[in-house]
Amino acid sequence: MLVYLKPLSIFPQLHSDTLFGAITYAINELYPEKVQDMLEAFKSNPPFILSSTFPFIFNEDETIRFYPKVITKQSSKEANVLVDSKVFKDYKKISYVEEDIFSKMIKGELSEKDILSNYESYERKKSLLLNEKIDIDVSFGENIIPNNTVNRVSNETEGIFYTTGMEFKNIGLFFFIEFMDESYKPLVKAALRFLEDRGFGKDITNGKGHFVHEIDEDFSLDESLDLGDDLDYFITLSRYIPNDEELDKINEYSSYEIDSKRGKSPAGEIRKQIRFFKEGSIFPNYKAFYGRNIESGKDSPAIEYGYAFPIKCKGNKED
């Protein structure tokens, strides 16, 4: 299931763990009798998995989806390729690539070397890489918003502080959900309607985090990316926390980047640091699903979502 989000205001960044937390919160508000069974199911066989959100450009004629920049290893052939420093510096600003570029990269039909060698034929808009120039005014990026409080006695402004969020113009976000248990589909749909009314994030009372959404249940990711059956690795579209068995399967053809987060409970408890593989990382593909949810925090435990959203791809093997 493909879900499009069109932000109506400053919007938070939604990785898979944040998105899962918001959906779980909404299900708990709507169906409190069901949420514990759902979390219990995620300990062994997840009823659904979801991706992080990624940008898409929209206008009256077309929708252009973007995916995370593929994390690759430098091959021996690429090691001796000289790249203009200005080109490489500009390429490092890219976080997301157009769907057609992503499809070719994960099938081994296009490499970073190919892109860098022909960089002038591509178009960069902010952190997005496109196949060609498009005549659409796009704004996408983090903005710092000043806020203040008003003293209700003196009616004077005081206590200026700042919040951050993403600003969007002619651009939205999308993500995928795959259901292993179809009975959870109406719950998730209801949760999304609830969140559309409430908003995403902590600053909803200030008008932030509001959006409208559309669902495309007929979308096929394999068909859209034109993926075959001969691909024996996967690329994750979500933050991924592996178990011990999955760590043992990582080999020389895998490629990945590791990041971490450390949250704080509403009571102020600093939770333990959580490490995960970033979106765009590549690993051997040998089973139906990968990853796990883990608990963090003692006084106020939280569930950290860590299932991969796997898409078939080619490993970093040299032909």
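One-based numbering along the sequence shown. None of the values given here were measured: they were computed from a predicted structure.
The backbone N or O of Arg124 sits nowhere less than 3.5 Å from a side-chain atom of Lys93 that would complete a donor-acceptor pair. Between the side chain of Asn293 and the main chain of Gly306, a donor-acceptor pair closer than 3.5 Å is present. Listed for the Ser254 side chain is no donor-acceptor partner under 3.5 Å among the backbone atoms of Phe283. Formation of a donor-acceptor pair under 3.5 Å by the Ser16 side chain with backbone atoms of Ser51 is not found in this model. A donor-acceptor distance shorter than 3.5 angstrom exists from the side chain of Lys107 to the backbone of Asp226, with no hydrogens or angles considered. No side-chain donor-acceptor contact under 3.5 Å links Asn118 to the backbone of Ser121. Between the side chain of Gln273 and the main chain of Ser260, no donor-acceptor pair closer than 3.5 Å is present.
For the pair Glu196 and Phe211, the minimum side-chain heavy-atom distance is below 4.5 Å. Looking at Glu98 and Ile64, their side chains come closer than 4.5 Å, going by heavy atoms from C-beta outward. Side-chain atoms of Leu237 and Glu279, non-hydrogen and from C-beta on, never get closer than 4.5 Å to each other. A heavy-atom distance below 4.5 Å is found between the side chains of Phe56 and Lys6. Side chains of Phe200 and Leu19 form a contact here, defined as non-hydrogen atoms less than 4.5 Å apart. Put simply, the side chain of Phe11 reaches to within 4.5 Å of the side chain of Leu173, judged on heavy atoms. Residues Leu50 and Ile23 meet the side-chain proximity criterion, which asks for heavy atoms closer than 4.5 Å. By the 4.5 Å heavy-atom criterion applied to side chains, Asn285 and Asp232 are not counted as neighbours.
For Tyr4 and Arg65, the side-chain atoms include at least one donor-acceptor pair closer than 3.5 Å. Using modelled atom types, one finds a donor on one side chain and an acceptor on the other under 3.5 Å when comparing Asn251 with Tyr233. Under the 3.5 Å distance criterion, with hydrogens and angles disregarded, a donor-acceptor pair is assigned to the side chains of Asp114 and Ser111.
To the nearest 0.5 Å, atom CG of residue Leu192 and atom CD1 of residue Ile27 are 9.0 Å apart. The CG atom of Leu2 sits 10.5 Å away from the CG atom of Asp218 when rounded to the nearest 0.5 Å. Annotation: the span from Ile57 atom CD1 to Ile134 atom CD1 amounts to 4.0 Å, rounded to 0.5 Å. We find the CG-NZ distance between Asp90 and Lys86 to be 11.0 Å, quoted to the nearest 0.5 Å. With values rounded to the nearest 0.5 angstrom, Lys278 atom NZ is found 14.0 Å from Tyr256 atom OH. The distance from the CG atom of Asn243 to the CZ atom of Arg292 is 6.5 Å, given to the nearest 0.5 Å.
In this structure, Lys261 places its NZ atom where more than 12 heavy-atom neighbours from other residues, nucleotides or ligands lie under 6.0 Å away. The number of heavy atoms from other shown groups lying within 6.0 Å of CZ (Phe88) does not exceed 12. By the 6.0 Å contact criterion, CG on Asp248 is enclosed, its count of non-hydrogen atoms from other residues, nucleotides or ligands being greater than 12. Enclosure of atom CD in Glu29 by more than 12 non-hydrogen atoms of other residues, nucleotides or ligands within 6.0 angstrom is indicated. When the shell of 6.0 Å around CD of Glu252 is examined, it contains more than 12 heavy atoms from other residues, nucleotides or ligands.
The minimum heavy-atom distance linking Lys34 with Leu187 is given by the pair CD-CD2, 3.6 Å. Of all heavy-atom pairs spanning Phe179 and Val188, the tightest one is CE2-CG2, 3.7 Å. Minimum interatomic distance between Leu247 and Pro242 (heavy atoms only, all atoms of both residues): CD2-CG, 3.6 Å. Taking every heavy atom of both residues into account, Arg239 and Ser52 meet most closely at N-OG, 4.1 Å. In terms of heavy atoms, Lys312 sits closest to Gly228 at NZ-O, 3.0 Å. Contact between Leu14 and Thr53 at its shortest, heavy atoms only, is O-OG1, 2.7 Å.
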>> Go through it in stages, so that I can follow the logic: the residues are Phe102 and Ile235, the test is side chain to side chain contact (heavy atoms under 4.5 Å, CB included), and I'd like the CA-CA distance, side-chain angles, deciding distance and then a yes or no.
In response: CA-CA 11 Å; Phe102 179 80; Ile235 183 169; 3.8 Å; yes
>> Please determine whether salt bridge (charged side-chain N to carboxylate O under 4.0 Å, His left out) holds for the pair Lys43 and Glu40, giving the CA-CA distance in whole Å, both sets of side-chain angles, and the decisive distance to 0.1 Å.
In response: CA-CA 5 Å; Lys43 292 181 179 179; Glu40 195 65 29; 3.3 Å; yes
> Going through the distances and angles, do Glu246 and Lys287 end up as a salt bridge (charged side-chain N to carboxylate O under 4.0 Å, His left out)?
Replying inline: CA-CA 10 Å; Glu246 292 158 5; Lys287 60 180 183 176; 2.8 Å; yes
> Could you walk me through whether Lys314 and Asp230 pass the salt bridge (charged side-chain N to carboxylate O under 4.0 Å, His left out) check?
Replying inline: CA-CA 8 Å; Lys314 182 179 180 181; Asp230 59 338; over 6 Å; no
> Which is it for Glu132 and Glu123 under the side chain to side chain contact (heavy atoms under 4.5 Å, CB included) test, yes or no, and what are the steps along the way?
Replying inline: CA-CA 5 Å; Glu132 57 187 19; Glu123 171 78 1; 5.9 Å; no
>> What verdict does the side chain to side chain contact (heavy atoms under 4.5 Å, CB included) test give for Asn131 and Tyr122, after you've listed the backbone C-alpha separation in whole Å, the side-chain angles of each residue and the deciding distance to 0.1 Å?
In response: CA-CA 5 Å; Asn131 261 323; Tyr122 295 90; 3.7 Å; yes
>> Test salt bridge (charged side-chain N to carboxylate O under 4.0 Å, His left out) on Glu304 and Arg271; report intermediate values, then the result.
In response: CA-CA 11 Å; Glu304 299 291 348; Arg271 298 189 174 115; 5.2 Å; no
> Under the side chain to side chain contact (heavy atoms under 4.5 Å, CB included) criterion, do Asn45 and Met180 qualify, and how do the steps go?
Replying inline: CA-CA 8 Å; Asn45 294 297; Met180 288 74 172; over 6 Å; no
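Ring geometry, Tyr290 versus Tyr240: the interplanar angle exceeds 60°, so the pair is classed perpendicular (tilted spans 30 to 60°). Note on ring orientation: taking the six-membered ring where Trp is involved, the planes of Tyr307 and Tyr305 are tilted (angle from 30° to 60°).
Ionic pairing of Asp100 and Lys104 is present here: one or more N-O contacts between side-chain nitrogen and carboxylate oxygen are shorter than 4.0 angstrom.
Ile294 is not connected to Phe20 by any chain of hydrophobic side-chain contacts under 4.5 Å among Ile, Leu, Val, Met, Phe, Trp and Tyr, and they are in different clusters. Two different hydrophobic clusters hold Phe234 and Ile49 under the rule that ILVMFWY side chains link at heavy-atom gaps under 4.5 Å. Residues Val83 and Met105 are members of one and the same hydrophobic cluster, defined by side-chain heavy-atom contacts under 4.5 angstrom among Ile, Leu, Val, Met, Phe, Trp and Tyr. Hydrophobic clustering of Ile, Leu, Val, Met, Phe, Trp and Tyr side chains at less than 4.5 Å, counting indirect connections, unites Ile171 with Phe66. In the hydrophobic cluster analysis, where Ile, Leu, Val, Met, Phe, Trp and Tyr join through side-chain heavy atoms closer than 4.5 angstrom, Ile101 is grouped apart from Ile71.
Figure legend: Lys69 and Tyr91 shown as a cation-pi pair, the cationic atom lying under 6.0 angstrom from the six-membered ring centre and within 45 degrees of its axis.
When ring centroids are compared, Phe309 and Phe175 stay outside the 6.0 Å threshold. Checked against the 6.0 Å centroid threshold, Phe48 and Phe42 count as a close aromatic pair.
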